[in-house]
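Convention: sequence-line order gives letters A, B, ...; per-chain numbering from 1. Keep in mind it's a predicted model, so treat the numbers as computed, not measured.
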Amino acid sequence: MSVYLPEEALDLTLRSQPCKELERLEAEIRDMEESIEGLDQFQIVDKLGEGTFSSVYKAIDLNHHFYDNYAWTGKMSNLDQDRPSSKHVHVALKRIYVTSSPSRILNELDILEQLRDAEHISYLITAFRSEDQIVAVMPYSRHADFRDYYRIIPICDLKCYFRCLFRALRSAHAANIIHRDVKPANFLYDPKTGEGTLCDFGLAERFEPSDWRGKCHHTLPTPDFPHGRTEINRNVQSFHFNPGGALAVNSSVGRAKVDMGPPERVGYLKNDTRPGVRANRAGTRGFRAPEVLFKCQDQTPSLDIWSAGIILLAFLTKRFPLFNSNDDTEALLELATIFGKRRMEQCALLHNRTFLCNIPSIEQGGQRIVDFIVKLNPRLREAGSHPDPDGHKEDVEQALDLARACLHLDCTRRWTANQILNHPFLAEE
Amino acid sequence: MTPKKRAIPHEDIHCRNVPGYSPSKRSRSSKSGDGSSAAEGNTDPSTGTGSLATELSGFKMGESSRAVQGVRLMKRAVRSSHLKPTTTRIDKYSRMTEQEKILREKQKHEETKLWRHKFKKVFPSFNFYFDHFDEATAKDLTSMIRCLGGSVEPFFSRSVTHLITTRQIPVVLSENSDKGKESSLKSAKVGAAERTKELNRLAFKSSGKGRISPTKSAPDNFKNKSIPLYSERNPFDDSAPPPAANDILLKAQDFGMKIWRHDKLLTILKMLLDEPSVPAAAATGNKQDLSQMLEREKLFGTHERDPSAARGDYYYFPKNGFYLLVEDATMDHRPIMCAEYEYDRRNQEGKEPPWPVLYGELEGRCPFTKYDVTESHRSRLNRENNHQTLRRTVSLNCINQRIHGPRSPRPSNDGFFDARASAYQMASGNSVSITSNIASTTSNALNDHGGYAQRVPQNRRVTELGKRMHTPLVPSQSARISASPVGSGGSGLGPVAVAASGSGSSNPASPAASTTPISSLSRGALVRRMLGMTEHESKTGRAIPQGIRRSASASIATLRRREQDRRPGYCENCRVKYESFDDHIQSRKHRKFATDAGNFVDIDQLLLRVQRPLIPDWIDFSDATREDTGSLPDDEDELEDWERYENSAESAEGHNRHAYEFEYAQPYQTEYTELLEGEEPLENKIDKGPAGGRFSDYYHTGEVQHLEEDTWHHQVAERGDTPYTSPDVGPGEADAGEVCD
């Protein structure tokens, strides 16, 4: 399968150090080609990435013209199309590691299959198995490294970026699928075409209304309230209901109590035999929504909106990565640094948690997200050489407002993907 | 007649009760039914099982004489059936003991639970179509259906599985269990027409009298006709016209779709959406109270004590310490987060606090990381906003692709994006972390956003190259640690320092071009392919920088690969932690798992579903094209073409073997298989040329066009050679040779 050219053609560059790495890669690819049955339909040309559960390779779809590729190329067939041999069609091969359980793989493929019709979501062309090795084939999407464009991308292009992203999320959420790992690396965007593709549904899960635990003070999503509503849930024990607690019965001073700061002594039981909370926390640090950090057991698709909001925040502040936490505790503190203690306590309350903290860098009031962005990027509103300064100003304000809409700590107040697509920043005339 | 006290016994739902039987039989059946006085005007739900309370809304009636009473009865039945069971049941219920009641409740609850579970499972396969709905209602229902995973068709088509209507549902013969098969499409239509007549008559009657008394003549009219009436029709509501022969409802019935009334759908949706967890939670909430309280008392001690008093079994944060504590207010779980920081502002002057602090001074850097930044650094980074779009029109993009030839695997070597060219040189740069779930599952994972040094400004191409070469060799671990705000000490070091060391290295443009002679002969070919270098380019040496750039992406990946080789992990299948990935997957335990197809039954099923279809009817299609194109190429060219396609054909066959193993159920695949199996070997055919059979026809016609295009191109571009005889190989051919080797 692989090409062997005359040895004298070997270039000098290859006789260098990185050649060893390349050799290793070559060996890896050759090994794959030999060991994985079904791979002979493709010619691997590069490795695109590697994660805990999979590696992704770029490959030529050798038998492209044998297949009906209309669903993902939009072209009927190659018989009346361009010459099949002159134009290679590249695909991405996702090699899911054999240490992943079949159920996990099934989940991903199943979701990909369901979302085949969705726009801006990587299309599952086909998939095959060779013993325990499963390979999923998806279209190769041209894209640039996020780090290479996030600081130079103009506001007008951000619209393209987020239209694609939220359309993808709208489709997924309409199918009750939560992606859980929205981040720049999983959204392949080509700044040249303005096309973006949401990929890697390896952590995606289906939102199951029947699994609703009802331990928080937010309700099961309904069509009218796709992210649920905030409603005090008296069916569950909570020490927020205790006298002096934030939700104490007939106590209008409850809130004030919370605001009064931590109690005299703060501590915890030393040998606590209670079980830990089991909640899905799959995702990437820095992109996890507050409810995930609080280990809420009833997570809704709104957590994807948060992650998308974080991407927008990175664009607007020109900072990436925006957060630099080693664990969830630090991640929560970073959020608290921005949003302030009071709002964190409110958010904790929503999920029946407490947030007790006396770290001095965390202010009581925090800052508005818009102020935070402008503080980090004071020149954001500058029109500079923009041909239409007023239009630019409006765009910036709308983008800031969108960030606010996505980054509500309260998951029930976060906008839905559908609402966001109608937000003035993204709405199309 | 006072039907209000009477309810319809579910148990009597019987296939004999469905319309279409003679009245005599019917009366017998109703007598033997429950023995109650309900013989007259008895309504017989035709729904078979009665497992679904909601099915009741689909009641049908057989005889016109009882139509009106039946309607009334049925209405009540429908209403009451939602509220309570039958009279007999109520009686039984009152006689039941407390225990029995609870048991019954439990059983009922279980049943509904099971029902709900089953329904939810199949719901995503439902495809609804709304008939005669106003937009608002349809929208509401649509969102509810979507919430459950079902879909809604905007237009009526065969893919619809459930038709929801606000109108009366016509009862068609085919629903009769005994006559179902006999009723053809035709008879249904005829029936529909007859029914229409009858209905009009009925409607006329009802509007004339206002109230219809049961008539004896009606059954006679229908005696020999097995066409039932619209029993559930409200005689007072005649606004809805009877269905026309080509009515959508009848069509839906013909198609075998389920037709549900609006209220039925509502009931089902309500059952599916509303109920979960509410009663269960309430029940468990109350029940658990005592045990929970006891449990809590065990944990926290009695409530009768001073809450502010210190407890011995508690750890309290020191007075001057800093902490974060996130607890579960429901007290069911142990604290969720707990962090304690020791930090003395006086003693640790100049040192950064151990908790996250927002610095944020440097563009392009993490705002929670402290950097030592020089003024020049800052000014260089804080550039003016870019207002020019990064997008290029599609056409321009295409032109670019055409010029540079998309066949080269290198993503974009076009100089057209000049100033930022380096930013786009490696399309795969992003994807080093394309699947970085490392951070996803374990937040302590060390490598995430790959290649820290990539954070340097992008506008200096040459140094950039050097950096890309060097940075992967910097252990990402150290970069990670130093970049972390918690890592005490060298917080000034980090990406900046790494980047600086990268750019500081001498002559970064040709970092290793002149060292280490090549050692192995076998290597290189694939590498070159990956580098996107053609033979020609590498000979002239012009591809050197290109090669470096490409190699960078690959080398980052490979380095990570090496890390991964070492990286211990967890195998979900063997449920063991392993030290080395490669060793583990070769282990006996894992191999045993891998070779047991039983572990992959579900996946195989799914794989069957998602297989890419072969070109549909490609044989016929190619024939058609052949006729269209008319002219055929000379033999010589064809032979060339065969050679070119030999490989792809081979691999296609290889695929086919593979496919056969899976036993594809899809017709296209099967067809393909049969073709290959039934006819002579592919090689023979290829030798024979175009006359060899259908398979070759396919290639053949595909090629005709291809060649035509090519020659046309040649003609226009350079020469006036006659088509098909040109010995030159077009650009397409060269590619094919390269790839298909």
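At a 4.5 Å heavy-atom cutoff, the contact between Ile603(B) and chain A is made by backbone and side-chain atoms alike. Both the backbone and the side chain of Asn352(A) come within less than 4.5 Å of a heavy atom of chain B. Residue contact with chain B, scored on non-hydrogen atoms closer than 4.5 Å, involves the backbone of Leu380(A) exclusively. Residue Asp110(A) touches chain B through both its backbone and its side chain, counting heavy-atom pairs closer than 4.5 Å. With a 4.5 Å cut-off on non-hydrogen atoms, His117(B) does not touch chain A at all. With a 4.5 Å cut-off on non-hydrogen atoms, Val277(A) touches chain B through its backbone and its side chain both. Using a 4.5 Å cut-off between heavy atoms, Leu324(B) touches chain A through backbone and side chain atoms alike. Heavy atoms closer than 4.5 Å to chain B are found in the side chain of Thr337(A), but not in its backbone.
Chain B forms more heavy-atom pairs under 4.5 Å with one residue of Pro275(A), Pro387(A), Gly384(A) than with any other, namely Pro275(A). Contact count versus chain B (heavy atoms, under 4.5 Å) is highest, among Thr317(A), Leu109(A), Thr222(A), Val236(A), for Leu109(A). Contact count against chain B (heavy-atom pairs under 4.5 Å) is highest for Glu382(A) among Lys375(A), Glu382(A), Lys295(A). For the options His590(B), Met337(B), His584(B), heavy-atom pairs under 4.5 Å to chain A are most numerous at Met337(B). Counting heavy-atom pairs closer than 4.5 Å to chain B, the top-ranked of the candidates Val137(A), Ile155(A), Leu332(A), Asp224(A) is Leu332(A). In terms of non-hydrogen atom pairs under 4.5 Å with chain A, the most contact-rich of Pro335(B), Ala339(B), Pro367(B) is Pro367(B).
Here Arg274(A) does not pair with Asp328(B) in a salt bridge; the nearest charged N to carboxylate O distance is not below 4.0 Å.
The distance from atom OG of Ser100(A) to atom CG of Asn573(B), rounded to the nearest 0.5 Å, is 7.5 Å.
A ring-centre distance under 6.0 Å is not found for Phe317(B) and Phe322(B). Not less than 6.0 angstrom separates the ring centroid of Tyr97(A) from the ring centroid of Phe53(A).
Asp157(A) and Ile153(A) get closest at one heavy-atom pair: CB-CG1, 3.4 Å. Closest approach of Lys120(B) to Ser210(A), counting heavy atoms only: NZ-CB, 3.3 Å.
Qualifying side chain to side chain donor-acceptor pair (under 3.5 Å) partners for Glu327(B), counting only residues two or more places apart in sequence or in other chains: none. Listed by chain and number, the residues in a ring-ring contact (aromatic ring centres under 6.0 Å, His included) with Tyr570(B) amount to none (sequence neighbours excluded).
Of the N and O atoms on the side chains of Gln237(A) and Thr330(B), not one donor lies less than 3.5 Å from an acceptor on the other residue.
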